[in-house]
Structures are given as C-alpha cells and as structure tokens.
Amino acid sequence: MQHNWKPIISQLKSAGKILLTTHVNPDGDGIGSEIAMYHFLLKMNIISEIINSSAFPEEYAFLDPEKVIQQYIPERDFERLKEFDLIFIFDVGGITRTGILGDDLARLEIPSICIDHHPENHIVCDYKVVDDKAPSTTCLVYELIKEIGTEYIDKQIAEAVYVGLMTDTGSFRFENANKYAFRVASELLEYDIKPNDIFKHVYESYSRQRMALLGTVLQTVHYENDEKLAWFTISRDDLKRAGVQLDEIGGYTDFIRSIKGVEVSVMFLEIDLNKIRVSFRSKGKVVVNQIARKFGGGGHFYAAGLTVENTLEKVTLMVLPEARKAIEQIKQ
Ligand code: 5GP
Ligand code: MN
C-alpha cells in the first residue's frame, strides 16, 4: 500500500514542536500510533509530546515505561497548547471522538495532520492519509516511518506498531486481518519483538474483579431475534459493586459476540451520570457503523460505537429497535 507522505514529511521536518493525540478512551491502535511516532520523532531530533483527552487502560502501560503519555487538563495545559506548531491526530474518524483536547485545539489555528483507517473520516485537517484497507492506524504510521528511513525503526517502535495491529485485528482474527496485516507483522518480527509477551501484557493481565464482572454480565445478557442479537447493560452501580474501573471494560462486547448464533452484540455502558457509551460488534452480516451513525456515532463496519446523554433504559429503548431492524434484514 502506498500513500502520498511527501507533504506530511515536509511538514514534520520543519516543525518546531509537535503534538500527538488520539481519540477518547484510547485503545492499542491509538496509543501504539502515538508511541511509535513519538520515539521515531525523538530519533529525528524533533520534539513532540503525547497528550490525550482521556487516561488509557493499564494494559498498555508497558508500551510507555518512560511515562511520556500525558492526560490533558484544560486549566493546566490550555495555554501550553500554543507552543505546538503541528498536530498529529491518530485513529480518529469523527470529531466527537477528539474529546476536550479536540475542542480546545479547534480554538487555536495549528496545522494538523490526520492518519486514520476508518471507512468514513470527517476530521477537518490540513493533511490526511486515510485508508480503510489498512488493518490499523499503526500500519500507516509504520509506512510513514519506513518512507523516511527504516534505520529509524527499533524494537520499541516495532512493538508499538505491532500492538495497534494485534488489537485492531483481534489478534489477527477479524476480517481486516489481511495479507497486508501479516506482511507488516512479519516485518516487525525482524526487530526482535515477542508477540507472545505482547499478547500476555494486553490480554492476559486482567484483574480478577474485571473477570468476575464479566461472569455477572454473562448471566444478564438479553438474547433476541432468534439469539442473533445479544445485548447487556453495565451501570455505574454495577462497576462500583464489582470494584472495576471504566477503562477495564474493553473487550466485553467482543466476548459476547463470540457466542454461537450471535450476529450482533451490543453493550450499554453508563460512563457517567446519564451518559451512555454504546458498543457494537458484528460477525459480518450486519454493518453496525450504520446503526451507530443514526445516533451520532460511527466506526468500522463490524466494530462501532456512540455516546449519548440519557438514562441507560432510555438509550436501550432508543438504540435496540434499530439493531433489531438491521438483524431482520439479514439475507438468509
Ligand atoms: P468501542 O466499542 O471499542 O468503544 O469502539 C469500537 C469502534 O467504534 C472504535 O474503534 C471507533 O472506531 C468506533 N466508535 C466508538 N465510539 C464512537 C463514537 O462515539 N463516534 C464514532 N464516530 N465512532 C465511535
Ligand atoms: Mn484503529
């Protein structure tokens, strides 16, 4: 896959200080992109900082032993944003996904570059490389770095790229685990990364509380439409009772989709008082980003989401009819 990196390369080479950021509730792909880019820029003697709207899940902490990733605090950081003369936004398809940092950056006129792989990208940027055939945003970052010089790639950068690739392809299981994904993975192995160790960091380091709550959730899943639709809710009270942090919930929706016969799984997670995050996963017969888009969200064909302000019950009543309708339209 070849993209036109030239304008982006000339921008980054002439930048004084670069801001790197990704979407709210960052995942392995957003964090991997930032970390890979940060260490690459460091090797090029270009100063950059990683600042995100939200905290990131503990399972990715191994990627950042130097703790360079910062969380944005408007009162403390807003004035400082003016020091940056270029912004990289990774893995973000929709403006609602940039969080408070995105809102504040929109008030400043700093040139921006977006690198992403969502099928629809609505981000307004000065330069963009968006390719929905790329299995992860980190693959695009990897391509950009290679374009400048493979000599810059080291184990830490390769590991960060691999984490985005592994998590966004569901460990090379999802439909985006294409030839390109395996080719990049095999190239990354040249840098002495250890896929099994990375897998253990990300997927075998869950707290007992998180797994116990998953057990409870499994008892409460609602099955509809001949069990093709599986949905469940998690309230703030549920989290509190279980002693589980919000950022530990990633992966529940994927797990419920793995049940035989289920085509679409939906999670309704109360992230704040009357603020609900909805996550969709599909096995491939239902395009779920179309459902999410009806409520201001979006995402990939088979992994999508949205956030709305209302009660858990009202949001289920609002969203589920659309999910049922989409399932009824599955061609036999
Ligand atoms: P998750 O279920 O892991 O929170 O999100 C799955 C995917 O859906 C994300 O990778 C992202 O592409 C998309 N997504 C989740 N929430 C939103 C949202 O509020 N707006 C948009 N545009 N996409 C979302
Ligand atoms: Mn991604």
Side-chain angles (χ1 to χ4, degrees), residues 21-37 53-54 56-57 59-60 89-99 102 114-124 129-142 160-171 174-177 180-181 184 202 231-232 234 246-257 264-272 275-282 286-310 315 319 323:
T21 193
T22 184
H23 51 83
V24 288
N25 320 308
D27 56 10
D29 195 22
I31 291 160
S33 299
E34 296 174 325
I35 287 284
M37 196 68 186
S53 286
S54 10
F56 69 95
E59 60 255 35
Y60 299 115
I89 304 170
F90 298 110
D91 201 39
V92 179
I95 194 70
T96 55
R97 300 273 290 157
T98 55
C114 178
I115 301 182
D116 181 40
H117 70 136
H118 286 90
E120 274 195 89
N121 182 296
H122 303 290
I123 295 287
V124 180
V129 168
V130 178
D131 183 351
D132 67 353
K133 302 280 183 307
S136 67
T137 298
T138 58
C139 283
L140 296 171
V141 172
Y142 174 64
V161 172
Y162 185 86
V163 165
L165 184 54
M166 178 186 81
T167 52
D168 265 33
T169 59
S171 302
F174 298 160
E175 92 296 340
N176 59 350
Y180 180 43
V184 172
V202 177
W231 64 272
F232 58 99
I234 302 176
L246 255 185
D247 64 19
E248 292 184 84
I249 297 301
Y252 278 29
T253 328
D254 302 76
F255 193 76
I256 306 295
R257 172 181 57 184
V264 175
S265 58
V266 194
M267 171 174 75
F268 298 88
L269 174 66
E270 189 181 20
I271 56 174
D272 215 332
K275 195 170 179 190
I276 313 299
R277 184 154 91 224
V278 185
S279 285
F280 293 96
R281 294 293 185 271
S282 165
V286 178
V287 174
V288 284
N289 63 2
Q290 282 178 4
I291 307 173
R293 235 178 269 144
K294 292 193 169 140
F295 305 99
H300 303 280
F301 294 140
Y302 309 128
L306 59 112
T307 298
V308 266
E309 291 196 22
N310 216 322
V315 178
V319 171

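Read the numbers this way: they start at 1 and go in the same order the structure lists the ligands and their atoms.
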| query | Does the shortest distance from the Mn ion (ligand 2) to an N/O/S atom of His118 fall below 2.8 Å? | reply | no
| Would you say Val266 and Val278 make side-chain contact, with heavy atoms under 4.5 Å? | yes
| query | At what distance is the nearest protein heavy atom to atom 7 (C) of ligand 1, and which residue and atom is it? | reply | Ala303 O, 3.5 Å
| Measuring from Met37:CE to Thr22:OG1, what's the distance to the nearest 0.5 Å? | 13.5 Å
| task | Could you list which atoms of ligand 1 come closer than 4.0 Å to a heavy atom of His118? | result | 11 (C), 12 (O)
| query | Using 30° and 60° as the class limits, which term best fits the ring planes of His118 and His300: parallel, tilted or perpendicular? | reply | parallel
| query | Does the side chain of Thr137 pick up a donor-acceptor pair with the side chain of Asp91 at under 3.5 Å? | reply | yes
| request: Evaluate side chain to side chain donor-acceptor pair (under 3.5 Å) for His117 paired with Asn121, printing each intermediate quantity in order. | output: CA-CA 8 Å; His117 70 136; Asn121 182 296; over 6 Å; no
| Does Asp27 bring an N, O or S atom to within less than 2.8 Å of the Mn ion (ligand 2)? | no
| message | For the Mn ion (ligand 2), give me the closest N/O/S atom belonging to Asp168, just the atom name. | response | OD2
| said: Heavy-atom pairs closer than 4.0 Å: do any link ligand 1 to the side chain of His23, the backbone, both, or neither? | reply: neither
| said: Return the closest protein heavy atom for atom 17 (C) of ligand 1 as residue, atom name and distance. | reply: Gly305 O, 3.2 Å
| Contact check, Ala304 vs ligand 1, heavy-atom distance below 4.0 Å | yes
| field | Atoms in ligand 1 flagged as close to Ser279, the criterion being non-hydrogen separation under 4.0 Å | value | 1 (P), 2 (O), 4 (O)
| task | May I ask you to identify the nearest protein heavy atom to atom 11 (C) of ligand 1, giving residue, atom name and distance to one decimal place in Å? | result | Arg97 NH2, 3.5 Å
| For Thr307, atoms of ligand 1 separated by under 4.0 Å from a heavy atom | 19 (O)
| message | Any side-chain to backbone donor/acceptor pair from Thr138 onto Asp29? Under 3.5 Å, distance only. | response | no
| field | Minimum-distance protein heavy atom relative to atom 19 (O) of ligand 1 | value | Leu306 CA, 3.4 Å
| Name of the Asp91 atom (N/O/S only) found closest to the Mn ion (ligand 2) | OD1
| field | Thr307 side chain near Ile271 side chain, heavy-atom distance below 4.5 Å | value | yes
| Under the 3.5 angstrom rule, does the side chain of Asp272 hit a backbone N or O of Lys275 as a donor-acceptor pair? | no
| query | Starting from atom 3 (O) of ligand 1, which protein heavy atom do you reach first, and at what distance in Å? | reply | Arg281 NH2, 2.9 Å
| message | Check for me whether Arg293 meets the cation-pi criterion with Phe301, that is, NZ or CZ under 6.0 Å from the six-membered ring centre and within 45 degrees of the ring axis. | response | no
| query | Can you find a heavy atom in the side chain of Phe280 that is under 4.5 Å from one in the side chain of Tyr302? | reply | no
| request: Output the list of atoms in ligand 1 that are nearer than 4.0 Å to some heavy atom of Gly298, sorted by atom number. | output: 8 (O), 13 (C), 14 (N), 20 (N), 21 (C), 22 (N), 23 (N), 24 (C)
| query | So which of the N, O or S atoms of Asp29 lies nearest the Mn ion (ligand 2)? | reply | OD2
